[in-house]
Amino acid sequence: MESELKDLNSKPAKIQQPDPTHDDTSSKDDRPLLKPDSSSTAAANIHELEKKFAAYVRNDVYGTMGRGELPLKEKIMLGISLVTLLPLRIVFGMSLVVVYYMICRICTMFSAPNQEEEEEGYAHLGGWRRAVIVRSGRFLSRSLLFVVGFYWITETHKDSANTKENSKTEGTHQLEEQEKPGAIVSNHVSYLDILYHMSSCFPSFVAKRSVAKIPLVGLISKCLGCVYVQRESKSSDFKGVAGVVTDRVREAHRNGSAPMMLLFPEGTTTNGDYLLSFKTGAFLAGAPVVPVILRYPYQRFSPAWDSITGVRHVVFLLCQFVNHMEVMHLPTYYPSQQEKDDPKLYANNVRRLMATEGNLIMSDIGLAEKRIYHAALNGNNRLPSVLHQKDD
């Protein structure tokens, strides 16, 4: 476990209290999580999993996996949206993506991409090319959010007094306000998070290696200067990626013209009410970071991409007439020397601050538990073996 924050003077963050994920599985994995011959047992086990993996549970009208029984009124609204709103939004949305792809294609014409640890990126283009890519990218990203239904976005900027106090230890009184942050660290709720950050400051971010090969989106991601990772790789690729990310963060910190890195230290998406454990990648460079908290208030369908398939999520999202987003910008967090020397302490302190300011519940589960929960929802009867492997 990461070190606990000792000098945080603000109100304590909420911490999830259900049964510990890593301690009680060994006592329960002797019995199957799902039994196809007993619907009541399956329901009880699903309920047990929902308490344990609460960070991934959907609580909207559409229910678990978006497969819940809808009330008649919702069915009528969904039917109308499917034949009217959905096709219009798809056409306008794809048009915006194609327009931006053409802009990126023109701006990168006759220009060789950067070669960095087998990464391809045009993020360091200068002059009019970079200006056009950034300004048009920010405008079109916000336009795409508008098309999807985010007609207005509520943004708040917290006062810096508390953060400055929290980021200093005893005897540290240096003036650090003029240091440029190297990264934006954000909670991760949906793929829509990326669109917002693109519209806000157009940073570079980490993406799956397969994103670079997606038509249209691939070139756009290269213009953003993405660092591509192979999540399932068992090789030493992680060390290389961590090194690239650290170098990018340091460069953004030292070079005013270099794009900042956008990092989601949780490593996966939640339902928006929780904050998972932070990975240390964003904090290895010891550079200041900008914490950002995203929320998606809803009444019918939750824009959170937690336990629902991508296609189903996109369809329901586009069928919702209005979507809402709230963004809280915390002041730049300047690490103390102790935090610079201990990335885990740095990550934990920023996490606790975000949980406190954003009224988020801290949970120590992660991607492995999310996969277990999804497997249970999909009726995978091999879950006991998965749990055994995880414990090993």
Side-chain angles (χ1 to χ4, degrees), residues 16 18-19 21 25 28-29 32-79 81-82 85-86 89-90 148-149 187-193 208 231-232 264 266-274 276 294-321 323-324 361 363 365-387 390:
Q16 186 182 8
D19 298 337
T21 302
T25 53
K28 296 180 180 179
D29 54 16
L33 297 178
L34 288 176
K35 294 182 179 179
D37 58 341
S38 176
S39 58
S40 59
T41 302
N45 285 320
I46 289 296
H47 180 67
E48 180 181 334
L49 287 174
E50 287 180 347
K51 292 192 298 182
K52 185 182 297 183
F53 304 143
Y56 310 124
V57 176
R58 294 189 68 82
N59 299 303
D60 61 5
V61 174
Y62 288 77
T64 304
M65 299 293 286
R67 300 171 182 169
E69 181 64 28
L70 299 177
L72 179 60
K73 180 180 177 181
E74 187 65 28
K75 290 181 179 178
I76 295 174
M77 295 178 64
L78 181 60
S81 299
L82 284 171
L85 199 59
L86 179 63
R89 282 180 168 175
I90 290 177
V148 173
N187 65 321
H188 202 8
V189 185
S190 174
Y191 49 82
L192 298 163
D193 303 347
K208 293 181 181 179
R231 175 171 280 177
E232 304 299 335
F264 300 106
E266 295 171 283
T268 188
T269 53
T270 68
N271 58 17
D273 295 326
Y274 290 78
L276 308 181
L294 302 177
R295 283 188 176 277
Y296 296 86
Y298 66 91
Q299 293 182 347
R300 297 165 51 223
F301 176 76
S302 170
W305 192 25
D306 34 39
S307 54
I308 185 173
T309 62
V311 173
R312 187 178 292 266
H313 185 276
V314 170
V315 171
F316 290 157
L317 180 74
L318 295 181
C319 286
Q320 188 154 251
F321 292 96
N323 290 296
H324 302 278
I361 304 171
S363 174
I365 61 179
L367 180 61
E369 289 81 6
K370 187 176 188 177
R371 288 172 173 167
I372 293 173
Y373 179 56
H374 283 194
L377 296 180
N378 288 316
N380 189 339
N381 294 320
R382 297 180 61 185
L383 283 175
S385 63
V386 174
L387 287 171
K390 182 177 180 297

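All values below come from the heavy atoms of this structure, side chains included, with hydrogens, waters and symmetry mates left out. Owing to the predicted nature of the structure, the values given are computational and were not obtained by experimental measurement.
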F316/L82 under side-chain contact (heavy atoms from CB on, under 4.5 Å): CA gap, chis, key distance, verdict
CA-CA 9 Å; F316 290 157; L82 284 171; over 6 Å; no
Please check this pair: side chain of S190 against backbone of P303, looking for a donor-acceptor N/O pair closer than 3.5 Å.
yes
Measure centre to centre between the rings of H374 and Y56, then say whether the value is under 6.0 Å.
no
Which residue is it: L86, V315, L70, L85? I am looking for the one with a side-chain contact (heavy atoms from CB on, under 4.5 Å) to L78.
L70
Would a distance-only check, ignoring hydrogens and angles, find a side-chain to backbone donor-acceptor pair under 3.5 Å from E266 to H188?
yes
Could you tell me how the ring of W305 sits relative to the ring of H313: parallel (under 30°), tilted (30 to 60°) or perpendicular (over 60°)?
tilted
Would you sort out whether E69 and K75 count as a salt bridge (charged side-chain N to carboxylate O under 4.0 Å, His left out), showing the intermediate values?
CA-CA 9 Å; E69 181 64 28; K75 290 181 179 178; 2.9 Å; yes
Measuring from Y373:OH to E50:CD, what's the distance to the nearest 0.5 Å?
4.5 Å
To the nearest 0.5 angstrom, please state how far the CG atom of L276 sits from the CD1 atom of I361.
11.5 Å
Measuring only between side-chain heavy atoms, which start at C-beta, is V189 closer than 4.5 Å to Y274?
no
Distance-only side-chain donor-acceptor flag, S307 / K370, under 3.5 Å
no
Answer yes or no: is there a donor N or O on one side and an acceptor on the other, between the side chain of E74 and the main chain of P71, under 3.5 Å?
no
Within the distance-only criterion (no hydrogens, no angle test), does the side chain of R58 pair as donor or acceptor with the backbone N or O of F301 below 3.5 angstrom?
no
Assess, by modelled atom type and distance only, whether the side chains of D193 and Y296 contain a donor and an acceptor separated by less than 3.5 Å.
yes
State whether the side chain of N271 and the backbone N or O of A54 hold a donor-acceptor pair below 3.5 Å, judged by distance alone.
yes
Give me the atom names and distance for the closest heavy-atom approach of M65 to N378.
CE-OD1, 3.6 Å
Audit row: L377, T64, side-chain contact (heavy atoms from CB on, under 4.5 Å) steps and yes/no
CA-CA 8 Å; L377 296 180; T64 304; 3.5 Å; yes
Rounded distance (nearest 0.5 Å) linking atom CG of N323 with atom CG of L192
7.5 Å
Contact between R67 and R312 at the side-chain level, heavy atoms closer than 4.5 Å - yes or no?
yes
d(D273 CG, S302 OG) to nearest 0.5 Å is 8.5 Å
To the nearest 0.5 angstrom, please state how far the OH atom of Y298 sits from the CD atom of Q320.
10.5 Å
L318 versus I90: any side-chain heavy-atom pair under 4.5 Å?
yes
Donor-acceptor pair, distance only, cut-off 3.5 Å: does the side chain of S81 make one with the backbone of C319?
yes
Hey, what do you get for CG (N187) to OG1 (T269), rounding to the nearest 0.5 Å?
11.0 Å
